[in-house]
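Note sheet for the following structure.
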Amino acid sequence: MWLRIVGKAMRDRWPRVTLALAALTVASGLSTALLALYADIESKLRGQFRGYGANLVLSAAGGAPTLPLSALAEADRHGEAAPILYSVQTIRGEPVVLAGTDFRRIEPLSQYWEVRGQRPAAGEALVGVAVAERFQLRPGDSLDLGGESRPISGVVVTGGPEDSQILLPIQDAARLSGAGEQASLIALRVPAVAVEQARQRLAQALPGVEVRVLRAVVESEAGAVLKIRGTMFLLTLLVLAITILSVANNFGAMVHQRRVEIGILKAIGGGDGRLAGWFAAEAAAVALAGSLAGFLLGTLAARALTWQIFRQPAGTAWGTLPAALAVTVAVAVLAVVAPLNRIRAIQPAVILRGE
Amino acid sequence: MFLRLLVRSLARSPRRSLSMAAAVALASAITTAMFGVLLDIGDRVSRELRRLGANLLVSPQSAALAVQIGGVDYRPLAGAAWIPDSALPRLKSTFWRNNITAFAPFLPVTVELGDRKTAVVGTWFRRQFAPASGETLSTGVRDLNPTWRVAGNWIEDRLADAGAREILVGSALARRAALRPGDRLRLLGEDFLVRGLLDTGGEEDDQIFTRLETVQSLTERPGQVARVQVGALTKPEDAFARQDPKRMTREEYDRWYCTPYLSSIAHQIQEQIPAAVARPIRRAAENEGRILGQVRLLMLLVCLAAMIAAGLMIWSATASSVLERRGEIALMKALGASDGRITALFASQAGFVGASGGALGAAAGAALGHFVSLAVFALPLDLPPLLPVLVILAAVAVSLVGSAAPLRASLSWPVAPALKQG
C-alpha cells in the first residue's frame with residue numbers, strides 16, 4: 001500500500017519528477033567529475049613533469065673527475081639513471097667535448113631533446129647542432145674520431161650544453177679517452193616526492209659519491225603541482241557546496257509546490273511521521289537514481305577529459321561512490337523533511353482554503 | 001498595468017520566486033567563479049614554472065664552438081666573441097618586455113684553483129638598470145633563479161662597482177676548499193672576500209660568482225658579456241608558431257609577432273641586439289609549453305562542463321516553476337487574456353528573476369573566484385568586467401528558454417480541466 005502511494009505520487013507528477021531528476025543528475029555528475037579529476041590530477045601532473053629529466057646528480061666526492069659505473073646499480077633502485085662520461089677530443093685540429101652515455105638509459109631523461117635523424121647505435125655518433133654547423137656535418141656524413149670513422153646518426157638540438165658536444169655510446173667514449181668503467185656523473189630521475197629520501201639513502205649507500213638535488217627542477221615542480229591542485233580543490237569544493245545548495249533548493253521547492261496535497265493528507269488523518277516518511281522515501285528514490293546516473297556520467301566525463309588532455313588513462317575511484325550517494329540522499333531527504341516541520345504548524349483548513 | 005501585474009505576480013508567491021532566483025544565482029556563481037579562475041590560471045602557473053630559471057639563451061652570433069665541461073671553459077679567452085653589455089637594457093624595450101620576467105648576463109673566466117680548473121663567473125645579482133622608457137628596473141640571477149640559496153650574504157650589486165672584490169663560492173667547492181663566509185681567496189692576482197656560499201644543486205655549486213664589471217676589468221674585456229640567460233612568460237607553441245617567419249604573409253607575421261610565443265620573443269630580442277642570436281632552452285621551454293597547454297585545456301573543459309550544468313540547473317528551475325503555475329495560466333485564459341499577453345507576462349517574470357538572480361550570482365561568483373585566487377596564488381583575481389555581464393545575459397537567456405516549452409504546452413491545454421486541477 002505504502003509503495004503504491006509513493007509510486008503513484010511520482011508517476012502522477014512525472015514532469016516535475018523528471019526535471020528534479022535531471023537537475024540532480026547534472027549536479028551530481030559535475031561534482032563526481034570534478035572529484036575524480038581532483039583525485040587524479042597530482043599523479044597526471046607529476047607524470048608530465050618527468051619530461052624535465054634528471055632531478056638528482058651523482059658525482060665523485062672530493063672533486064675527483066670520475067666515479068665508478070658500479071654506482072648505477074644503486075641508483076637504479078631509486079629511479080631512472082644514466083651515466084655520462086666527458087672528455088675533450090680533437091676534431092680536425094679543434095678541441096670538442098665528447099659526451100659518452102648509455103642511450104637506452106638516457107632516453108626517459110632526455111625527452112625534450114630534438115633529434116634530427118636518429119639516436120646513435122653502437123659505432124655511431126650524435127652531434128650537437130653547434131658542432132654540426134661548425135664542421136658542416138649532416139646525418140649520414142662520417143666523422144673521424146680517434147682514427148675511426150663514425151657515421152653520424154643525427155643532429156641534436158637542446159639549447160643546452162649538448163648542442164656543443166658529440167654524443168657517443170659510453171663504451172666507445174671510454175675507449176677513446178682511456179677512462180675505463182667510469183662516469184663523470186650519473187643523472188638520475190626519482191619521483192619528486194621521494195627526492196630527499198633518495199638523496200639520503202644514496203649518500204649512505206655510496207660513501208665516495210656526492211649526491212646533489214637539482215633544486216630548481218624539484219621546487220618548480222612542487223610549486224606548480226601544489227598550486228594547480230589547490231585550485232582544483234577549491235573549485236571542487238565550491239561546486240560541491242553549490243550543488244548541495246541547489247539540491248536543497250530543488251527538493252524544498254518540490255515540497256512547497258505540494259502543500260495542498262499535504263493539507264489534504266493531513267485532513268484525512270495522515271500523521272506527521274507518516275507524511276514525512278512518504279516524502280522522504282520519494283525524495284530518497286529520486287536522489288538515489290539521480291546520484292547513480294550522475295556518478296556514472298561524471299566518471300565517464302572525467303575519463304574522457306583525462307584522455308583528451310593527458311593522453312593517459314584515468315585512475316578509477318570507486319571509493320567515492322558510497323560517499324557521494326550518501327551525501328546526495330541525505331541532502332535530498334533533509335530538504336524534504338525540514339519544511340514539513342514548518343507545514344506541521346499550519347492547519348490543513350488554512351491550506352485547503354488556498355492561503 | 002502590465003507592470004502592476006508583473007510585480008503582483010512575483011510578490012504573490014515570494015517563496016517560489018526566491019527559489020527560482022536562488023537556482024539562477026547558484027548557477028551564475030559557479031560559472032563566474034570558474035571562468036574567472038580559468039582566465040587567470042595560465043599566467044599564474046606560467047609564473048610558477050619560471051622558478052626553474054631561464055628558458056632563452058642569448059649568445060653572440062659569431063661564437064666559436066664552446067668547449068665546456070661542468071661550466072668550466074677549456075678554451076683560451078683571447079678572441080672570444082661577445083655581446084656588448086650596453087645592449088642589455090634593450091631586452092626590456094622589446095614588444096613583449098612585460099613578459100620578460102628576468103635576465104642575467106654571464107662572463108666566465110677559467111682559473112686554476114689548487115690543481116683544478118674552476119670557473120669564475122661575472123654576472124648581475126640584482127642590478128638596477130634603466131631601459132629606454134626611463135623607469136628604473138632591476139634584474140639578475142637572484143630574480144632569474146629564485147631557487148638559489150646563499151649561506152651568508154648575497155653580493156649587493158644594485159649599482160656597478162668596478163673596485164669591489166667580493167665573491168660567492170659554490171657550496172661544493174667551498175666544502176672541498178674549506179672556505180667559509182668571511183674568508184679570503186686569491187684569484188686573478190687579487191684578494192677577494194667570500195660574502196657567502198651559493199647552493200643551487202647544479203653545476204654552479206662548483207663555481208665562483210662575482211660582479212660582472214670585476215671580471216671585465218680583471219680580464220681586460222670592458223663592456224663585454226659572453227652570454228645572457230632570459231626568463232620569459234610565453235604562450236605554448238602551436239602549429240602556427242612553428243612556421244618560418246620569413247615565409248609568413250604580412251597578416252600572419254603581425255599575428256605571430258603580437259603573440260608571446262617563445263620564437264617571437266627570441267626574434268624580437270635579436271632585433272634589439274643584432275649581434276646576438278636567441279635560442280630556446282628546450283628543457284624549460286618544451287616542458288612548460290606542454291604543461292601549460294594541458295592545465296589550460298583542463299580548466300577550459302571543466303568550465304564548459306560547469307557552464308552546461310549551470311545552464312541545466314536554471315532550465316530545470318524555470319521549467320518546473322512554469323509547470324507549477326498551470327492553474328494560474330488557465331485562469332488567465334478563462335478571464336480572456338490573450339496567449340501573447342500571458343507569454344509576455346511570464347517572459348518578463350523569467351527575465352526579471354534571471355537578471356536579478358544572475359546579478360547576485362555573478363557578484364557572489366566573482367567574490368568566490370577572488371577568494372580562490374588569493375588562497376592559492378596570493379594574488380587577486382584579474383576579472384574582466386565583461387565576464388559578469390555575459391553571465392547575467394546568459395542567465396536571462398536560459399531562463400527565457402527554460403520557460404518557453406512548458407509555457408507553450410500549458411497554453412495549448414484546454415482551460416477547464418486545468419482549472420479543476422488547480
Side-chain angles (χ1 to χ4, degrees), chain A residues 15-16 19 22-23 26-27 30 33-34 37 48-49 51-53 62-63 86 88 94-97 112-114 130-131 134 157-161 164 210 212-217 219-220 223-224 227-228 230-231 234-235 238-239 242 245-246 249-250 252-253 256-257 260 301 305 308-310, chain B residues 15-16 19 22-23 26-27 29-30 33-34 37 41 44-45 48-49 51-53 57 65-69 74-75 116 145 147 172 176 200-202 205 279-283 285-287 290-291 294-295 297-298 301-302 305-306 309 312-313 316-317 319-320 323-324 368 372 375-377 422:
Chain A
R16 249 172 259 163
L19 280 171
V26 160
L30 184 62
L34 274 178
L37 282 171
Q48 294 301 314
F49 276 92
Y52 279 102
Y86 294 116
V88 179
E94 280 187 46
V96 179
V97 173
Y112 59 90
W113 288 7
E114 181 191 338
V131 175
R134 177 79 192 89
V157 184
T158 70
S164 310
E210 192 177 307
R212 286 190 210 167
V213 174
L214 293 177
R215 278 218 320 281
V217 177
E219 287 183 23
S220 66
K227 302 242 160 101
I228 296 168
T231 308
L234 285 175
L235 285 177
L238 189 72
V239 170
I242 292 181
L245 282 173
S246 157
N249 186 29
N250 209 315
H256 179 72
Q257 289 164 9
V260 172
L305 278 176
Q308 183 67 27
I309 299 166
F310 296 109
Chain B
R15 202 185 184 287
R16 182 181 58 221
S19 169
L26 289 170
I30 297 188
M34 296 199 88
V37 171
I41 195 137
R44 304 270 189 263
V45 173
E48 198 58 39
L49 291 171
R51 289 169 61 85
L52 181 77
L57 183 66
L65 197 60
V67 184
Q68 278 186 7
I69 298 177
Y74 287 84
R75 267 177 329 170
R116 268 170 57 118
N145 301 290
T147 59
R176 285 196 298 272
T200 73
D205 288 0
R279 293 205 184 90
I281 298 174
R282 284 181 67 92
R283 194 180 75 155
E286 287 295 302
N287 286 298
R290 189 184 65 244
I291 290 168
Q294 287 169 344
V295 170
L297 186 59
L298 171 70
L301 291 175
V302 167
L312 283 170
M313 272 161 61
S316 143
S320 90
L323 273 179
E324 182 194 321
L368 286 166
V372 170
V376 178
F377 299 104

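Computed from a predicted model, the values in this text were never measured in an experiment. Just so it is clear: chains get the letters A, B, ... in the order the sequence lines come, proteins before strands, and each one is counted from 1.
Closest of all the heavy-atom pairs between A/E219 and B/T147 is OE1-CG2, 3.3 Å. Scanning all heavy atoms of the two residues, the minimum distance from B/E48 to A/S220 falls at O-CB, 4.2 Å. Considering all non-hydrogen atoms of both residues, A/L234 and B/A375 come closest at CD1-CB, 3.7 Å. Taking both residues in full, the closest heavy atoms of A/R212 and B/A172 are given as NH2-CB, 3.3 Å, listed atom of the first, atom of the second, then distance.
Within the 4.5 angstrom heavy-atom criterion, only backbone atoms of B/T200 (N, CA, C, O) approach chain A. The contact between A/E210 and chain B is made entirely by side chain atoms (from C-beta outward), counting heavy-atom distances below 4.5 Å. Of the two parts of B/V295, only the side chain, counted from C-beta on, holds a non-hydrogen atom closer than 4.5 Å to a non-hydrogen atom of chain A. Only the side chain of B/L312 comes within contact range of chain A, with at least one heavy atom under 4.5 Å from a heavy atom of that chain. With a threshold of 4.5 angstrom between heavy atoms, A/P161 does not approach chain B through any atom at all. For B/N287, the parts lying under 4.5 angstrom from a heavy atom of chain A are both the backbone and the side chain. Proximity to chain A (any heavy atom under 4.5 Å) is restricted, for B/L57, to the side chain, taken from C-beta onward. Heavy atoms closer than 4.5 Å to chain A are found in both the backbone and the side chain of B/V372. Of the two parts of A/L214, the backbone and the side chain both hold a non-hydrogen atom closer than 4.5 Å to a non-hydrogen atom of chain B. When heavy atoms are compared at a cutoff of 4.5 Å, B/A317 does not approach chain A at all. Contacts of A/V217 with chain B are made by both backbone and side-chain atoms, with heavy-atom separations under 4.5 Å. Residue contact with chain A, scored on non-hydrogen atoms closer than 4.5 Å, involves the side chain of B/R116 exclusively. There is no contact between A/A22 and chain B, counting heavy-atom distances below 4.5 Å. Contact annotation for B/Q294: both backbone and side-chain heavy atoms come within less than 4.5 Å of a heavy atom of chain A.
Taking OH of A/Y52 as the start and CG of B/L49 as the end, the distance is 4.5 Å to the nearest 0.5 Å. For the atom pair A/Y112 OH and B/I281 CD1, the distance stands at 10.5 Å (nearest 0.5 Å). To the nearest 0.5 angstrom, A/L30 atom CG is 9.0 Å from B/M313 atom CE. If you take CH2 on A/W113 and CZ on B/R282, they are separated by 11.5 Å, rounding to the nearest 0.5 Å. Between the CZ atom in B/R44 and the CD1 atom in A/I228 there is a gap of 13.5 Å [rounded to 0.5 Å].
Top candidate by heavy-atom pairs under 4.5 Å with chain B, chosen from A/L235, A/L37, A/V96, A/V88, is A/L235.
Residues that satisfy the side chain to side chain contact (heavy atoms under 4.5 Å, CB included) test with A/A130, not counting sequence neighbours, are A/S164, B/L65.
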